[in-house]
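Down below is the structure, laid out as structure tokens.
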Amino acid sequence: MNGKNYYSRRFFLKTSGALAALAAIPATVKSFYMDAKRLIIPPRQKQPLIVKVNKQTHKLDVDTRTTLLDLLREDLHLTGTKKGCDHGQCGACTVHVNGERVLSCLTLAATLPGKEVTTIEGLADGDQLHPMQAAFLECDGFQCGYCTPGQIMSAVACVKEGHTKSVAEIKEFMSGNLCRCGAYNGIVASIQKVAK
Amino acid sequence: MKPFSFSKSDKVSKALSAKKEAVQFLAGGTNLVDLMKKNIAVPDGLIDITAVLSDKVEAQSGSTRIGAMVRNSALATDPQILAKNPLVAKAVLAGASPQIRNMASTAGNLLQRTRCPYFYETSTPCNKRKPGSGCSALHGEQRMSAIIGYNDACVAVHPSDLCIALAALGASVNVTDKGNKQLVIPFKDFHKLPESTPDLDNHLPKDAIITSVDIPDNPFNKHFAYVKLRDRDSYAFALVSVAAALDLDGTRIKEARLASGGVAHKPWRWQKAEQYLKGKEANAATFHAAAAIVADEVKPLPGNGFKKVMLMGAIETALQHCLTA
Ligand SMILES: Cc1cc2nc3c(=O)[nH]c(=O)nc-3n(C[C@H](O)[C@H](O)[C@H](O)COP(=O)(O)OP(=O)(O)OC[C@H]3O[C@@H](n4cnc5c(N)ncnc54)[C@H](O)[C@@H]3O)c2cc1C
Ligand code: FES
Ligand code: FES
């Protein structure tokens, strides 16, 4: 799958969707829409931005409204970080900023210069999984996997903060990460394994 | 989200001169960014103030000063807070999640908006969101609504946990206004009742900035408790919460503090019950009587009668925990 003709499923979905949508809209309708939009909606404001993600520095021009979550997924194509609720209520978007766990959906990208972001993609050391990633595999810390990147980022911080003295403490300090599959017991077991 | 300009300030005076009604300060963003996504807050510009305000807890003579930018997680683990005002740490840890506490600032916590479902549902009337449109909760879903201090204009409650501890401990809020004048607002006068202006949550002067919060030295660092009852065990706002603290002389109560969240438009002090507790023996009968005094004061809405019973239980439990904590 690593040949040069490889296109990802995500690339296919994006481009085929966009092409189909373009073809379906007559040019006049489109230009009318663009004119109306310019009248009603205030123009977006872009700013140059330098951010460091997973030890790599990126120079971008972004809309001031961009959240860290959208920056990661849409601009940097780091789609490991997931959008669950987009309102701070589920923890799926958890990443580390300066080594602390935060919610990327409530972090504006414009606040990031000078800070270091680590995402799930930056956790492993080459092909060597981070101990927490390995523990999640071993302890069945996930089912569908959607909440998992957020769970793992949160779990790594939970161990680092030292909130692992009992099952109750782990559960309390992992309460910001919801799992609709209910993989909680495996998640707690993974954290206990790494904390030992 | 409406497009907006973004700037980062490096001085309080600069932040204040850039501040206008349509331009808002941004601290942790955990409330403001959320409200902007829902088009409830629609600022033309944001001023990032994270670099201009103190993020330190400092001992003053006679008080402890919490910088406006002290993050909730740092506040809950600060050695001075744990030694002198552990009730504050308890309350903070009962709120939100570790991720949100890492982001949320002290000042932002004071200024967070209500969690009334109608405030968040922009298709429904809400006097707090759109003055004059009416209060949907008055005849609607009232599980999260007030049981004291409300009126026909608004039955929303203040959602903070930290503020309940600060109210109990008689804190004060240090503010610099737009003209660079410094003001001290006692905590009890900081948040307000709905009156005819439920769109305003507090008495912070227009365009002013909170610089710090002071907690006077107090004898409440030995016998204290924070009890929070909610729809799930963690990561949920309070249905009712109780901050309790006792200053004991043997088994006799020298002084008591009792405050609640989830009950009113502002953090609520139960002063009648505090008065009653003064000089009494600290035992179950006394605590039950104090809870009964509170129960007499509240007036639940048709949809939240359960909160009265819940609150009585929470008060008795919190006072009991003061003896064992
Ligand atoms: C899912 C979720 C659950 C939560 N659960 C709880 C809970 O259980 N208990 C609880 O107490 N809280 C809870 N919170 C709320 C959270 O604590 C607040 O959102 C947070 O404290 C706000 O702080 P901030 O720094 O992020 O504020 P921001 O969102 O940055 O700002 C909030 C407001 O304060 C203004 N502001 C900020 N700093 C200053 C200043 N120094 N001077 C003047 N104005 C200022 C801003 O302009 C803005 O209007 C929860 C939040 C979420 C998203
Ligand atoms: S997507 Fe950020 S908390 Fe749900
Ligand atoms: S594994 Fe499916 S949501 Fe958690």
Side-chain angles (χ1 to χ4, degrees), chain A residues 40-47 49 62-70 85-115 150 153-155 157-158 160-163 168-178, chain B residues 1-10 22 24-51 71-74 76-77 93-105 108 112 115 120 228 230 232-237:
Chain A
I40 300 165
I41 306 174
R44 59 185 176 159
Q45 314 208 16
K46 283 199 158 196
Q47 270 190 354
L49 182 73
V62 298
D63 190 319
T64 50
R65 293 172 294 181
T66 313
T67 59
L68 172 55
L69 175 59
D70 287 340
C85 64
D86 210 21
H87 288 286
Q89 302 188 351
C90 74
C93 67
T94 303
V95 299
H96 296 175
V97 172
N98 289 348
E100 291 196 330
R101 49 174 158 168
V102 300
L103 299 178
S104 60
C105 71
L106 295 182
T107 303
L108 288 177
T111 64
L112 292 169
K115 298 179 186 165
M153 294 312 283
S154 205
C158 186
K160 193 179 136 210
E161 294 160 10
H163 290 129
E169 191 184 19
I170 293 174
K171 284 188 174 174
E172 174 59 35
F173 282 86
M174 286 298 290
S175 72
N177 293 81
L178 305 187
Chain B
M1 209 191 286
K2 195 176 90 174
F4 57 85
S5 65
F6 183 93
S7 66
K8 189 169 167 125
S9 203
D10 56 6
Q24 291 224 46
F25 294 135
L26 178 74
T30 58
N31 195 219
L32 186 53
V33 173
D34 189 20
L35 292 172
M36 286 167 65
K37 286 185 182 185
K38 300 204 179 214
N39 284 314
I40 296 169
V42 283
D44 291 339
L46 292 183
I47 307 168
D48 182 342
I49 53 168
T50 51
R71 308 280 178 172
N72 289 180
S73 52
T77 52
L93 288 179
S97 69
Q99 290 97 312
I100 293 169
R101 294 194 296 265
N102 275 343
M103 304 169 75
S105 67
Q112 63 176 299
R115 292 281 163 171
Y120 271 86
K228 180 177 179 184
R230 42 190 156 166
R232 59 180 181 219
D233 240 13
S234 183
Y235 199 20
F237 288 95

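So you know, we letter chains A, B, ... as the sequences are listed, proteins then strands, and number each from 1.
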The test is side chain to side chain contact (heavy atoms under 4.5 Å, CB included); show your working for D233(B) and K171(A) and say whether it passes. CA-CA 10 Å; D233(B) 240 13; K171(A) 284 188 174 174; over 6 Å; no
Between the side chain of S97(B) and the main-chain N/O of S175(A), is any donor-acceptor distance below 3.5 Å? no
Selection from S154(A), A110(A), G176(A), G88(A) maximising heavy-atom pairs under 4.5 Å formed with chain B: G176(A)
Counting only heavy atoms closer than 4.5 Å, note whether C93(A) contacts chain B via side chain, backbone, both or neither. neither
For D63(A), is it the side chain, the backbone, both or neither that has a heavy atom under 4.5 Å from a heavy atom of chain B? neither
Rounded to the nearest 0.5 Å, what's the gap from CG on L49(A) to CZ on F6(B)? Could you check? 9.5 Å
Contact class of E161(A) relative to chain B, heavy atoms under 4.5 angstrom: side chain
Can you say whether P113(A) sits under 4.5 Å from chain B via the side chain, the backbone, both, or neither, judging by heavy atoms? neither
Please classify the contact of E100(A) with chain B as side chain, backbone, both or neither, using a heavy-atom distance under 4.5 Å. both
S5(B)/Q45(A) under side-chain hydrogen bond (donor to acceptor under 3.5 Å, both in side chains): CA gap, chis, key distance, verdict: CA-CA 6 Å; S5(B) 65; Q45(A) 314 208 16; 4.8 Å; no
Is it the backbone or the side chain of L32(B) that comes under 4.5 Å from a heavy atom of chain A, or both, or neither? neither
Closest-packed option against chain A by number of heavy-atom pairs under 4.5 Å, given N102(B), I100(B), D44(B): N102(B)
Where do R115(B) and Q89(A) come nearest, in terms of heavy atoms and distance? NH1-NE2, 4.2 Å
Under 4.5 Å, counting heavy-atom pairs only, tell me which of R101(B), K37(B), K38(B), M36(B) racks up the most with chain A. K37(B)
Using heavy-atom distances under 4.5 Å, tell me whether K8(B) contacts chain A through its side chain, its backbone, both, or neither. neither
Q99(B) side-chain N/O to T94(A) backbone N/O, donor-acceptor pair under 3.5 Å: no
Quick one: does T30(B)'s side chain get under 4.5 Å of L103(A)'s, heavy atoms only? no
Under 4.5 Å, counting heavy-atom pairs only, tell me which of T67(A), L178(A), V97(A), D86(A) racks up the most with chain B. D86(A)
Ranking H163(A), R44(A), H87(A) by heavy-atom pairs under 4.5 Å to chain B gives rank one to H87(A)
Would you say that T64(A) contacts L46(B) through its side chain, given a criterion of any heavy-atom pair below 4.5 Å between the two side chains? no
Check whether D48(B) reaches the backbone of T111(A) with its side chain - one donor and one acceptor, N or O, closer than 3.5 Å. no
d(S234(B) OG, M174(A) CE) to nearest 0.5 Å is 11.5 Å
Is C105(A) close to chain B through its backbone or its side chain, or both, or neither, when contacts mean heavy atoms under 4.5 Å? both
